[in-house]
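Here is the structure we will look at.
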Amino acid sequence: EVIEEDLNYSEANVMLSDVKEKYTKALSELVANCLENGDFDNVRGLIKKAEEYIPAEDIQTLNDTLDKNEEQYAEDQAAKLEARKLEVESEITNFIAEGDYLTAIATVETYLTQEDDPLTEWYETRETEIQEQWITDSIAQAENLLSQGLFDEAAGALNAAYYNVPDAE
């Protein structure tokens, strides 16, 4: 009772309430920013530390929002990867349609040089497929040219793939 009647106690409670409100607001902003920067683990740790200072319902709201944002972030990242994959595939397809297998492979190899790219395995697979397609198309072209008696041209059709595709036999 004596403490509650003390003016400093009342003032301290107001200040503490204000600090808790500002802290909750700052955490809410960090939670919202996770959609941009993906720093969910760090923010989750900050929320965990705040559990003893902020009401449980506010903590739950922050955690629920963080969970939703994390799901949204994962969906956004997956959509970005798929869009990039489609963009690269379109670029590659255009080169192949023009018969420019060398540029198609070089395009894929450009992306393969990027570190920590989640599409690295896809790029590697796609590069192998392009090489195989180049060899198959070169053989078909050579057979067509041979059937027309164009022996030098047939050899030329095979040589381009043979000299530019590793392990081409």
Taking atom OG1 of T93 and atom CG of L86, what is their separation to the nearest 0.5 Å?
-> 10.0 Å
Gap separating the CD atom of E143 from the CG atom of L158, nearest 0.5 angstrom = 9.0 Å
Taking distance alone, no hydrogens or angles, what donor-acceptor pairs closer than 3.5 Å link side-chain atoms of residues 124-131 to residues at least two apart or in another chain?
{"from": "T125", "atom 1": "OG1", "to": "E121", "atom 2": "O", "distance (Å)": "3.0"}
{"from": "R126", "atom 1": "NE", "to": "E89", "atom 2": "OE1", "distance (Å)": "2.7"}
{"from": "R126", "atom 1": "NE", "to": "E89", "atom 2": "OE2", "distance (Å)": "3.3"}
{"from": "R126", "atom 1": "NH1", "to": "E129", "atom 2": "OE1", "distance (Å)": "3.2"}
{"from": "R126", "atom 1": "NH2", "to": "E89", "atom 2": "OE2", "distance (Å)": "2.9"}
{"from": "T128", "atom 1": "OG1", "to": "E124", "atom 2": "O", "distance (Å)": "3.2"}

Do N33 and E29 meet the criterion of a side-chain donor-acceptor pair at a distance under 3.5 Å?
-> no
Do you know the tightest heavy-atom contact between A142 and A157?
-> N-CB, 4.3 Å
Is there a donor-acceptor contact under 3.5 Å linking the side chains of D64 and Q60?
-> yes
Approximate separation, where rounding is to 0.5 Å, of Q133 CD and S138 OG = 10.0 Å
Distance col, row L62:CG vs N69:CG, nearest 0.5 angstrom, shows 10.5 Å
Members sharing L145's hydrophobic cluster, built from side-chain contacts under 4.5 Å between Ile, Leu, Val, Met, Phe, Trp and Tyr, are L150
Indicate if L81 and V108 have the same hydrophobic cluster label, given that clusters are the connected sets of ILVMFWY residues with side-chain heavy-atom separations under 4.5 angstrom.
-> yes
A155 backbone acceptor or donor facing N159 side chain under 3.5 Å | yes
Got a sec, which pairs hit ring-ring contact (aromatic ring centres under 6.0 Å, His included) with one end in residues 90-118, sequence neighbours left out?
-> Y101-W134, Y111-Y123
Is a side-chain donor or acceptor of D58 paired with a backbone partner of T24 at a separation under 3.5 angstrom?
-> no
How would you list, by chain and number, every residue that makes a side-chain contact (heavy atoms from CB on, under 4.5 Å) with Y23, sequence neighbours excluded?
-> L27, A50, I54
With a cut-off of 3.5 Å and sequence neighbours excluded, list every side-chain donor-acceptor pair involving residues 40-48.
{"from": "N42", "atom 1": "ND2", "to": "D39", "atom 2": "OD2", "distance (Å)": "3.2"}
{"from": "R44", "atom 1": "NH1", "to": "D67", "atom 2": "OD1", "distance (Å)": "3.1"}
{"from": "R44", "atom 1": "NH2", "to": "E70", "atom 2": "OE1", "distance (Å)": "2.5"}
{"from": "K48", "atom 1": "NZ", "to": "E51", "atom 2": "OE1", "distance (Å)": "3.4"}

For the residue pair S147 and N144, what are the closest heavy atoms and their distance?
-> OG-O, 2.6 Å
If Ile, Leu, Val, Met, Phe, Trp and Tyr residues are connected whenever their side-chain heavy atoms lie under 4.5 Å apart, and connections chain through other members, are I105 and L112 in the same group?
-> yes
In chain order, what residues pass the side-chain hydrogen bond (donor to acceptor under 3.5 Å, both in side chains) check against T103, with sequence neighbours excluded?
-> D100
Working to the nearest 0.5 Å, report the span between CD of Q77 and CD of Q72.
-> 10.5 Å
Distance in Å, E52 CD paired with I59 CD1, rounded so as to fall on 0.5 Å steps = 10.0 Å
